[in-house]
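Structure, as structure tokens:
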Amino acid sequence: MASGPRAADDPVPAIARTWPVGVRPRVLRGWEPPATVYGPGHRGVDLAAPPGMPVRAVADGRVSFAGRVAGKGVVSVELAGTGDPPLRTTYEPVRASVPRGAEVEAGEVIGTVEAGGSHCTAPCVHWGLLRGDAYVDPLSLLPPWLLQRGPSRLLPVLGVPLP
């Protein structure tokens, strides 16, 4: 029995190995799915990132677009092994350092944050995720260990004296 294309509400595999910018960037605006296809919402997340900061691929894939859209630099990466249609991450405003068709690995620099073209009130990069034409929450790509905030805390071991 053949399976059809995957829907946008199919589970997203937590395959990301890094944040697109920084180590644990501040989320300036989160995912706000629209009620309808053309309704208001926020189809991605805005991550605090100063101009010139490196932007990295969050997972292995192939660059499906690197260029300008409505005056903004945009890079899209089709993620390897994520089904049909595959998941595709988008990053903007980004000055691409990779060409369309390039194979990239998780953590590889794909560009730098551009100074202009952001819709944020503070410098940021907009990170989106799509399956086909449907947007999904890009934070769902991150495994729990990347989403957790704050440093790890070691608990005392019972029966071992404190120094």
Measuring from Thr18:OG1 to Glu108:CD, what's the distance to the nearest 0.5 Å?
12.0 Å
Check for a donor-acceptor pair, side chain of Thr89 on one end and backbone N or O of Leu129 on the other, with a separation under 3.5 Å.
no
Nearest 0.5 angstrom please: Glu78 CD to Arg62 CZ, how far?
4.5 Å
Checking Ile15 against Asp60 for the side chain to side chain contact (heavy atoms under 4.5 Å, CB included) test, could you report, in this order, the C-alpha distance in whole Å, the side-chain angles of both residues, the deciding distance, and whether it holds?
CA-CA 9 Å; Ile15 60 171; Asp60 296 350; over 6 Å; no
Among Leu146, Val136, Thr82, Leu87, exactly one meets side chain to side chain contact (heavy atoms under 4.5 Å, CB included) together with Leu141. Which residue is that?
Leu87
Please check if the number of heavy atoms outside Glu103 that lie under 6.0 Å from its CD is greater than 12.
yes
Stepwise, does the side chain to side chain contact (heavy atoms under 4.5 Å, CB included) test hold for Arg17 with Glu105?
CA-CA 10 Å; Arg17 295 293 164 252; Glu105 295 181 356; over 6 Å; no
Path from Val94 to Val109 over hydrophobic side-chain contacts below 4.5 Å:
no
Interatomic distance, His42 atom NE2 to Tyr135 atom OH [nearest 0.5 angstrom]:
10.5 Å
More than 12 heavy atoms of other residues, nucleotides or ligands under 6.0 Å from CZ of Arg100: is that the case?
no
Give a yes or no answer on whether the side chain of Arg131 reaches the backbone of Pro85 with a donor-acceptor pair at less than 3.5 Å.
yes
With side chain to side chain contact (heavy atoms under 4.5 Å, CB included) as the criterion, how do Leu139 and Trp19 come out once you've worked through the C-alpha distance, each side chain's angles and the decisive distance to 0.1 Å?
CA-CA 9 Å; Leu139 294 178; Trp19 284 89; 3.8 Å; yes
Below 4.5 Å, heavy atoms only, C-beta onward: do Val104 and Ile110 meet side chain to side chain?
yes
Could you label the plane-to-plane angle of the Tyr91 and Trp127 rings as parallel, tilted or perpendicular, counting under 30° as parallel and over 60° as perpendicular?
parallel
What is the minimum heavy-atom distance between Val75 and Ala96, and which atoms define it?
CG2-CB, 3.6 Å
What's the separation between atom CZ in Arg95 and atom OG1 in Thr112, rounded to the nearest 0.5 Å?
6.5 Å
Please say yes or no: joined through hydrophobic side-chain contacts below 4.5 Å, possibly via intermediate residues, are Val21 and Trp145 part of one cluster?
yes
Shortest non-hydrogen contact from Val113 toward Pro50
CB-O, 3.5 Å
Can you get from Val58 to Val74 by hopping between Ile, Leu, Val, Met, Phe, Trp and Tyr side chains that sit under 4.5 Å apart?
no
Test your reading of the model: is there a side-chain donor-acceptor pair from Glu114 to the backbone of Gly73, 3.5 Å cut-off?
yes
For residues Leu79 and Val98: do they belong to one hydrophobic cluster (side chain heavy atoms under 4.5 Å, members Ile, Leu, Val, Met, Phe, Trp, Tyr)?
yes
Residues Ser97 and Gly111: closest non-hydrogen pair is OG-N, 3.2 Å
Cluster check Leu147, Val12: I/L/V/M/F/W/Y, side chain < 4.5 angstrom:
yes
Does Arg43 have more than 12 heavy atoms from other residues, nucleotides or ligands lying within 6.0 Å of its CZ?
yes
Taking every heavy atom of Pro143 against every heavy atom of Ala16, the minimum-distance pair comes out as CD-O, 3.2 Å
Enter the distance from Leu28:CG to Cys120:SG here, rounded to the nearest 0.5 Å.
5.5 Å
